Amino acid sequence: MVVVKTSPPPTVPVGNKVNKGFPYSNGSIKPHFTPSLNSFINLDQGDPEVFAPYWRKKSEECTVVIKGSDLMSYMSDMSNVCWFMLPELHDAIRRLHRVVGNASAGMDKYIVVGTGSTQLFQAALFALSPSSDPSNHNPINVVAAAPYYSEYQDEVEVLRSGLYRWGGDARVYDKNEEYIEVVTAPNNPCGSIRRAVARSEGEGKLIHDFAYYWPQYTPITEEYDHDVMLFTFSKCTGHAGSRIGWAIVKDIEVARKMTRFIQMSSIGVSKESQIRVAKIIGVICDSYQKIGSSLQSDDLFFEHSKCMLRERWDKLRAAVGKTNLFSLDKYPKNYCNFTRQNSETYPAFAWIKCCGGIEDCESYLRSLKVFARGGKRFGVDGKYARVSLLCRDEVFNEFLTRISNATRDY
């Protein structure tokens, strides 16, 4: 029997000041890396460790018990288009979107589960590509407006598929050919809400990537209802290690093709992960149904997480204000249908522009021993760099110290 918890509470030896880290199965802890003045800190990736303290408090509520004889079959629900998706997860996802109101996920839609939204992105490209013999036509172009997510190009090119190819910046795409435009909202890296921008005469299809369209990052201004919408549990709650994403799809044939791609690439998706995700979604949704009881706002995940990100953005803007070497985007306030309040945007990443004659922001930050992702990876000028704000407190605080004390020389 396996007992899965969101954050197992291992025993820490007396006198050990490290009470947070990666737990081993024997109950001991591998301590987290603690940055020092001479160490590099990695803010290149969006590893969502910032949410760990909240889930540590919810460990018992999120416990899942899996017996040795459970979940052994490949099959889950053969009446569902996505036959390897557990009914519990299917229902939990629909419930979550009803609670948050960020996407239409009614019974007229089809939900496809994948191993993170990365696999679903590949599945969507496969499903939306022309179905005729590839030898009779050119690969369909895949475009996104710059600055676009840095991994899109690699994900399009890694399989060297004859079905699709990278077509570059959607803003300048002008080929009279079929294309797929990826619309990311809020955008990774800059946090802005995006709409389709391609103006080609060719027939266009859309994939909407809503990885960060959750209330802690941005006001929920609209319940979106697009043809293909991608979501990931990694950025919704921070449970990146569970590797669960889902697509909400209008067309049954597109959903079938996406399911076929996942079947051929991984024969389904881990049921252990699906069970865990369904449980955690249930805990979130239950908490919002208890509003008005003894629950405090800090007990509600999205409010708690938004407060943490707002605090980080306030500190970051204060630190940047101490130097003339950096600038940050400003975001307008909007009414959030979820919180029923006016709210600002607090993106998971800071899209930093270097000033003062610094032409390569990524290299400059590396001189401060900070790993970030440079603007050229996102299809724009090297004066920009993306910095993750989802790291642990001690890493974030060390980053603030370094940019506060930054000088032009490097």
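Just so it is clear, the model here is predicted, and its values are computed rather than measured. The analysis underlying the following values was restricted to heavy atoms, covering all of them including side chains, and did not include hydrogens, waters or symmetry mates. In what follows, residues are counted from 1 in the order of the sequence shown.
Looking at Asn141 and Tyr173, their side chains do bring a donor and an acceptor atom within 3.5 Å of each other. Gln119 and Ser266 share a side-chain donor-acceptor pair at under 3.5 Å. In the model, Gln216 has no side-chain atom that pairs as donor or acceptor with a side-chain atom of Arg310 under 3.5 Å. Counted by atom type alone, Gln263 and Tyr74 present zero donor-acceptor pairs between their side chains at under 3.5 Å. Side-chain atoms of Glu253 and Tyr110 include no donor-acceptor pair closer than 3.5 Å. When only modelled atom types and interatomic distance are considered, Lys306 and Ser343 share a side-chain donor-acceptor pair under 3.5 Å. Neither side chain, Ser39 nor Lys369, offers a donor N or O lying under 3.5 Å from an acceptor on the other.
When Cys361, Ser367, Ser363 are each tested for a side-chain contact (heavy atoms from CB on, under 4.5 Å) with Leu365, only one passes: Cys361. Of the residues Glu362, Gln153, Glu151, the one that meets the side chain to side chain donor-acceptor pair (under 3.5 Å) test with Arg377 is Glu151. For the side-chain contact (heavy atoms from CB on, under 4.5 Å) criterion with Ile352, the lone passing option out of Val387, Asp329, Ile403 is Val387. Checked options His226, Met258, Lys109; the residue passing with Val249 is Met258 (criterion: side-chain contact (heavy atoms from CB on, under 4.5 Å)).
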Side chain to side chain contact (heavy atoms under 4.5 Å, CB included) assessment of Ser76 paired with Met85: CA-CA 6 Å; Ser76 293; Met85 184 178 192; 5.7 Å; no
Worked verdict on Tyr152 versus Asp209 for side chain to side chain contact (heavy atoms under 4.5 Å, CB included): CA-CA 11 Å; Tyr152 283 152; Asp209 185 344; 2.7 Å; yes
Side chain to side chain contact (heavy atoms under 4.5 Å, CB included) assessment of His239 paired with Ser234: CA-CA 5 Å; His239 292 88; Ser234 301; over 6 Å; no
Residue pair Glu359, Tyr364: steps toward the side chain to side chain contact (heavy atoms under 4.5 Å, CB included) verdict: CA-CA 9 Å; Glu359 298 296 327; Tyr364 178 74; over 6 Å; no
Audit row: Asp299, His304, side-chain hydrogen bond (donor to acceptor under 3.5 Å, both in side chains) steps and yes/no: CA-CA 7 Å; Asp299 291 319; His304 174 89; over 6 Å; no
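Using a 4.5 Å heavy-atom threshold, the side chains of Ser270 and Arg243 count as separate. Residues Pro87 and Asp77 are in side-chain contact: their nearest non-hydrogen atoms beyond the backbone lie under 4.5 Å apart. The closest side-chain heavy-atom distance from Leu163 to Leu125 is not below 4.5 Å. For the pair Thr184 and Tyr148, the minimum side-chain heavy-atom distance is 4.5 Å or more. Contact of the Leu71 side chain with the Ile275 side chain is registered, since non-hydrogen atoms from C-beta on lie closer than 4.5 Å. The shortest distance between side-chain heavy atoms of Trp246 and Thr232 does not fall below 4.5 Å. Side-chain contact between Asp174 and Ser200 is absent, with no heavy atoms from C-beta onward closer than 4.5 Å. Between Asn342 and Asn334 there is no side-chain heavy-atom pair separated by less than 4.5 Å.
Using a distance-only test at 3.5 Å, with no hydrogens or angles considered, a donor-acceptor pair links the side chain of Ser388 to the main chain of Gln45. Counting only distance, with no hydrogens or angles, the side chain of Arg94 and the backbone of Ala105 share a donor-acceptor pair below 3.5 Å. Between the side chain of Asn102 and the backbone N or O of Glu223 there is no donor-acceptor pair closer than 3.5 Å. At distances below 3.5 Å, at least one donor-acceptor pair connects side-chain atoms of Thr401 with backbone N or O atoms of Asn397. The main-chain N or O of Cys391 is never found under 3.5 Å from a side-chain atom of Glu49 such that the two would form a donor-acceptor pair. Panel note: side chain Ser161, backbone Glu157; no donor-acceptor pair is recorded below 3.5 Å. In this structure, the side chain of Asp314 does not engage the main chain of Glu311 through any donor-acceptor pair within 3.5 Å. Side-chain N or O atoms of Gln274 include one that pairs as donor or acceptor with a backbone N or O of Val269 at under 3.5 Å.
Environment of CZ in Arg317: crowded, with over 12 heavy atoms of neighbouring residues, nucleotides or ligands closer than 6.0 Å. More than 12 heavy-atom neighbours from other residues, nucleotides or ligands sit within 6.0 angstrom of CE on Met78. The environment of Lys250 atom NZ is dense: over 12 non-hydrogen atoms of other residues, nucleotides or ligands sit within 6.0 angstrom. Lys333 NZ: 12 or fewer foreign heavy atoms inside a 6.0 Å radius. Shown here is Phe396, whose CZ atom has more than 12 heavy atoms of other residues, nucleotides or ligands within 6.0 Å.
Phe378 and Tyr149 have their aromatic ring centers separated by at least 6.0 angstrom. Taking the six-membered ring for Trp and the full ring otherwise, Phe51 and Tyr54 have centroids separated by 6.0 Å or more. Taking the centre of each ring, Tyr213 and His208 stay at or above the 6.0 Å mark. Taking the six-membered ring for Trp and the full ring otherwise, Trp214 and Phe338 have centroids separated by 6.0 Å or more.
Annotation for Leu206 and Ala196: closest pair CD2-CB, 3.9 Å, computed over non-hydrogen atoms. Between Asp169 and Ala145 the shortest heavy-atom distance is OD1-CA, 3.4 Å. The two atoms that bring Ala255 and Val112 nearest to each other are O-CG2, 3.9 Å, heavy atoms only. In terms of heavy-atom proximity, Thr323 sits nearest to Ala406 at OG1-O, 4.1 Å. Across Ile358 and Lys383, no two heavy atoms sit closer than the pair O-CG, 3.8 Å. Among all heavy-atom pairs drawn from Ala240 and Pro48, the shortest one is CB-CD, 3.9 Å.
Checked for salt-bridge contact, Glu88 and Arg95 miss the test: no charged N lies under 4.0 Å from a carboxylate O. A salt bridge is defined here as a Lys NZ or Arg NE, NH1 or NH2 lying under 4.0 Å from an Asp or Glu carboxylate O, and Arg402 with Glu398 meets this definition. Between Arg165 and Glu177, at least one side-chain N (NZ, or NE/NH1/NH2) sits under 4.0 Å from a carboxylate O, which counts as a salt bridge.
Going from atom CZ of Phe233 over to atom CD1 of Ile244 covers 9.0 Å, rounded to the nearest 0.5 Å.
Ring orientation note: the planes of Tyr212 and Phe349 are nearly perpendicular, at an angle over 60° on the 30°/60° scale.
In this structure, Arg312 forms no cation-pi arrangement with Tyr346, as its terminal cationic atom is not both closer than 6.0 Å to the ring centre and no more than 45° off the ring axis.
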